[in-house]
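A, B, ... follow the sequence lines: proteins, then strands. Residue 1 opens every chain. Note: hydrogens, waters and symmetry copies are ignored here, and every other heavy atom, side chains too, is used.
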Amino acid sequence: MSAPAGSPPRAAGARSQPKLGGAAASGAAAGPGPAPPPQNGPAQNQMPVPSAYELYSQSYSIPSGHHFQGPGKMTSLPLDGQCGDYYSGFYTASTQNAVTPKTTHQPPGAEQVYGRLLPAPHSAGSTPECFQGAASPASHLYVSASQPSSSFVNHYSGPAMYSASSSAVSQGFPSTCGHYAVSTVSNAVYPSVSYPSLPAGEPYGQQMFTSQNASTVRPVRDNSFSSQNTALSRPSPLPPPPPQQYHQQHSLSGYSIPSWSASGPPSAQDNLIRNHAGSLPPANNNPTNTVADSLSCPVTQNVQPPKSSPVVSTAVSAASSARLPPTANHLVEPVASVTQPSELLQQKDMLSSSASSPAPDPAPEPDPSPAPVPTAPQPSKVAKPFGYGYPTLQPGYQNAAAPLHSGGQPSPGYSGFQQYAQQYPGMNQLSSSLGGLSLQSAAQPESLRPVNLTQERNILPVTPVLAPVPNLNLELKKLNCSPDSFRCTLTNIPQTQALLTKAKLPLGLLLHPFRDLTQLPVITSNTIVRCRSCRTYINPFVSFIDQRRWKCNLCYRVNDVPEEFMYNPLTRSYGEPHKRPEVQNSTVEFIASSDYMLRPPQPAVYLFVLDVSHNAVEAGYLTILCQSLLENLDKLPGDSRTRIGFVTFDSTIHFYNLQDGLSQPQMLIVSDIDDVFLPTPDSLLVNLHESKELIKDLLNALPNMFTNTRETHSALGPALQAAFKLMSPTGGRVSVFQTQLPSLGAGLLQSREDPNQRSSTKVVQHLGPATDFYKKLALDCSGQQTAVDLFLLSSQYSDLSSLACMSKYSAGCIYYYPSFHSTHNPSQAEKLQNELKRYLTRKIGFEAVMRIRCTKGLSMHTFHGNFFVRSTDLLSLANINPDAGFAVQLSIEESLADTSLVCFQTALLYTSSKGERRIRVHTLCLPVVSSLADVYAGVDVQAAICLLANMAVDRSISTSLSDARDALVNAVVDSLSAYSSTVSNIQHSVLIAPSSLKLFPLYVLALLKQKAFRTGTSTRLDDRVYAMCQIKCQPLVHLMKMIHPNLYRIDRLMDEGAIHVNDRVVPQPPIQKLSAEKLTREGAFLMDCGCVFYIWVGKSCDNTFIEDVLGYPNFASIPQKMTHLPELDTLSSERTISFITWLRDSRPLSPVLYVVKDESPAKTEFFQHLIEDRTEAAFSYYEFLLHIQQQICK
Amino acid sequence: MEAVVFVFSLLDCCALIFLSVYFIITLSDLECDYINARSCCSKLNKWIIPELIGHTVVTLLMLVSLHWFIFLLNLPVATWNIYRFIMVPSGNMGVFDPTEIHNRGQLKSHMKEAMIKLGFHLLCFFMYLYSMILALIND
């Protein structure tokens, strides 16, 4: 906002973050006294806002008047209370969807991991600065805050007076009050706030509170807020809060100084946040959450105060006393402190259950040492000044980079963080306590450090490899999209195609757009603000030219800010478009209006197409399926319109009439498979709720209906045609269960596999489909918004490459269970059971389309994943599920020299299972670099390897497998030789890679030994094709495990470095390299291959381990086939199990566990995954390096 | 007799020119997002065989009527057409596959191919026209 007024302050803020304190100090000097520099940060940052208030005071007076209209209007304040009740309000809302059905709101968690790094210091640092002294008795603060409330009332009525004297100031103040109020509202009810109407909050407020309550609450907050003011201004904040009257005076006096007060309120607010965070009882997670929230999405920062103040409001509502505010509050205090923890617990549950990342909750440790670090978060805020544009960003970015080069700090991502850490010793403690999750130190200079690959024996880091963080300034870094959803192979985008070609690295994006998120701002708004020419959604990386215009960051068009957007529902203030949640979060979800619908949103429709031929009945999958369906019938995502249907087939097709009113399910057989028709089109897909009894009857009967069948044929093609006919009026999801090669009717297939060729090193044939029937069918389905999911449970070759087409192009998913048998192969049966559970209950989006946009100059040319590319950048996804990943290859068409940042935006438009049209938007921002060294410094090696794997799959299908393998090897050879010839000036005789690429050869070798690409080892064609399908549609995290499994030694698990998830201690053993040299006979090892776990037990493994964990007295008594770990009452068993459970969580494919004894025949499977070792057909890692070196020298 | 051969070739060539123009228009429609890939590909795949036959017939006609130069000129293009048709993978829906047309710059290469063919056919058109007039005069 200062931008329109003239940007000097902002510029200063953006550039010299460290100095900020000093600059601010002068600002604060106007106030009561000199404060420690960090403190001043907020004041300075927020400066622009108030100034804007002044500027816009005219227009402003309307909203503020609104607030101040007196008792009558006060009813709207309930919100306030509610918002205050952030935890209870928001979180309960999220848990009980009943309150706000719209919310598909997930608890905080994975998303935040990212932010947490920084936030933790935030809370820790800020605590001391304010009321730390008073912090331990949490109530203290509140007391001081609340007491004034009575006087506050004066204050409240006072505003009129104020405004009389100086309108600017008074308005500034009320607006901030409003700020709290609204922010809470929108957060508490995040999902369903409708912005357009100013008093929108009211209904919500009424939902929860009486207006009386609210009005009592409100003053409290306000006052605490003003007292905060004083806190800030007082030089030494440590002494316990003085009597509130003193506060009052202070705040008043504060106001009397216009310049100060202008900047005051916001900063105070900031302080308030901290105070609260700090004042909470140390043991609970509150700080975590608050902090995490605040970081993960800046918007929530506004919300902080409400969050903590909920204490008050809950209390009030609990006490339900509309007594005089002061007394009421007094009573309240204790209550509040009681209530909060419980809520927190709840929340924590959610949090931890969803915490998929290895990141420990950084917050739990309430840093007792008053580390004066608050500056850390501030720079970002500073950098966010209102009208920032590209030009100003660049310097910021350079600035951020500069210190990195000078000091040897860890990963670029956390550079800023580290920087501050050095300044303030307290930070170091913290960062060390963050332990595992913080950065395997690969820093900016570090990422370019030349590594001699042949000399380095332990190339694999012991902690999981984290995504490199783009080298942006802190503010943008914080706003940027989480790498779990959106990753680019090069985090520094080369300026020109020539530079990219010189680097010989693949450029592309890896997406996981529909990931289960734990925190997602949902926005309801009449107009969704988009660029008029390229239709980009407004995002945090646009620049506001002035109050009324914004410049698109993708096509650079200048757009008008619509009137509605000027109003910020979070702060309930007008004229702050840059504070809207859309501009504060890089991942948001919009509730779309009818403009985004071609037809009314479809209901959730599920059709199950089941193979019931002899083969299928023999395998016995029907029992498992029907059982899971019965269990999860009520958990199927959907609303009251949900429909379900069943079709079974062998050589004929059987339909089931489940129309409500029948006494039992009616089976209709169609034997004319050449021209399939629907016997009773209306009653085959029935409403789940109306016909539930019939459906249950059918599911109970199905497993036994075909037990004596002698029919061995399978007419899959006709059954699919029937399914298509059934689904085409609505669209939905078809789940196909198939157990053999389709042998009748359209789409019949012949066996193409020659078992003698399984281990051929030359040519692998038949990787492509045999017929276009399934592809055509899939495209037809896709056109009718129907996705086909394939479950292939076969013991023989079933031509998955042809069958998979039905899912590939209709955006379905593919599950494959080789040699499935419900009794002979219990581990597969269990796997099916677990995966079905996930499959049936996970989130689903219907009739979806995804569009990926990128900054002008870049273009996308190839897409990977399961979908149909409808037009150049539009992917048609009949269904979208949270486990689907996508990849896109990019090329640079025009030079990007005139820009310093590029952005990518994915917009996923879908119909939720509740019939809502929603748009999920992710925006990623990356810097552009002009030097080759920078390009190498920014390589995200995991993303690159996943993209290469996708490309190699395409290559092996379109040309040949050996071609694809060569291409993979060439990718390493080319990039390393390009690096050594251009960037490093070390002699060519050694194999040098930049640190960022040091794992590249290892991963490529792993790919070459992966089922999809390996040669020489016996691999069944279906297994190979399935591995290729997985590569194409798995999101990066899961794919990496498939490519390069993690090996842990588990016989000596320690609590050292363990993380806490869900109140459980999860040990974090170091990752071992995948080589037999790491296996000792005395140990036991766990290998995590993504979809399989192996526990290898050495021959002379310690008997206590075998006894305590495996439950057998000694090595000899361990059975050959062991797929379960018993839950024993020993510490080591508990540790092992909690570790495995933790690894298992949040996998789309539930991994099977095999206990492999040394010397058992099953160990070959295990040893195949030791990719650094030599096999008969493939290089060892060292040989592979020598091979590469040879190629480079050629 | 020779005149008849060239009149036929001329007409055939006109048809091929129109076909090339149609290909170009349809592909550029796809490029501009006016039609979707599915309908574009099914439209174009329909015309692959007529184009193939039309061109092969002229080529063979030239061979039969012993116009070696024109035959050799046509031969590469005819071979390419046949090769392209034969090499379609069994799982694809034709030379133009809706699932792949947006990948790896296929659209651009199809466009380029159509352009080259248009140029080639125009060249042939004038050649046949000239030969036809020459033949008529000789008659």
Side-chain angles (χ1 to χ4, degrees), chain A residues 747 749-750 752 765-784 799 801-806 808-811 849 851-852 859-876 887-889 891 893 950-951 954-955 957-960 1025, chain B residues 22-53 79-116:
Chain A
L749 297 167
Q750 257 93 41
R752 297 190 289 168
Q765 284 174 318
H766 308 306
L767 289 172
T771 160
D772 64 355
F773 172 82
Y774 295 98
K775 189 186 258 186
K776 274 186 180 151
L777 186 105
L779 293 182
D780 289 338
C781 284
S782 173
Q784 300 298 331
D799 202 349
S801 55
S802 303
L803 293 181
C805 285
M806 70 170 112
K808 259 187 203 166
Y809 303 109
S810 66
V849 287
R851 204 184 278 275
I852 306 165
S859 78
M860 288 156 294
H861 60 88
T862 307
F863 301 88
H864 304 276
N866 288 355
F867 48 71
F868 171 52
V869 190
R870 205 150 67 192
S871 70
T872 41
D873 59 349
L874 184 72
L875 310 182
S876 160
V888 188
Q889 280 171 257
S891 61
E893 303 234 306
N950 274 300
M951 290 158 70
D954 272 5
R955 187 70 164 267
I957 292 173
S958 62
T959 52
S960 73
V1025 171
Chain B
Y22 175 73
F23 272 49
I24 291 171
I25 292 174
T26 317
L27 286 173
S28 64
D29 274 0
L30 179 64
E31 225 169 20
C32 307
D33 222 347
Y34 292 136
I35 52 173
N36 76 44
R38 186 90 203 269
S39 56
C40 169
C41 291
S42 62
K43 269 183 184 176
L44 296 185
N45 281 332
K46 257 192 304 203
W47 290 103
I48 289 290
I49 292 180
E51 188 206 10
L52 184 92
I53 293 170
T79 321
W80 166 248
N81 275 342
I82 294 168
Y83 171 80
R84 188 176 62 155
F85 182 72
I86 292 174
M87 291 312 285
V88 173
S90 54
N92 278 17
M93 295 164 68
V95 171
F96 297 90
D97 190 282
T99 58
E100 287 175 7
I101 195 156
H102 284 295
N103 274 5
R104 296 184 295 272
Q106 271 200 17
L107 187 55
K108 272 183 194 146
S109 62
H110 283 307
M111 193 71 149
K112 211 186 284 169
E113 189 189 316
M115 290 285 198
I116 293 171

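- The heavy-atom pair separating A:Pro769 from B:Ser90 by the smallest distance is O-OG, 2.8 Å.
- Per-residue counts of heavy-atom pairs under 4.5 Å with chain A were compared for B:Leu107, B:Asn92, B:Asn36; the largest is that of B:Asn92.
- Shown here for B:Arg38 and A:Lys776, the closest heavy-atom pair between the two residues is NH2-O, 4.1 Å.
- Heavy-atom distances place the backbone of B:Glu31, and not its side chain, under 4.5 Å from chain A.
- Counting heavy atoms from C-beta outward, B:Asn103 and A:His864 have side chains that stay 4.5 Å or more apart.
- Minimum interatomic distance between B:Pro98 and A:Leu779 (heavy atoms only, all atoms of both residues): CG-CD1, 3.5 Å.
- Using a 4.5 Å heavy-atom cutoff, the side chains of A:Lys808 and B:Thr99 are not in contact.
- Looking at A:Phe868, only its side chain comes within 4.5 Å of chain B, counting heavy atoms on both sides.
- From A:Leu874, atom CG reaches atom NE2 of B:His102 across 9.0 Å, with rounding to the nearest 0.5 Å.
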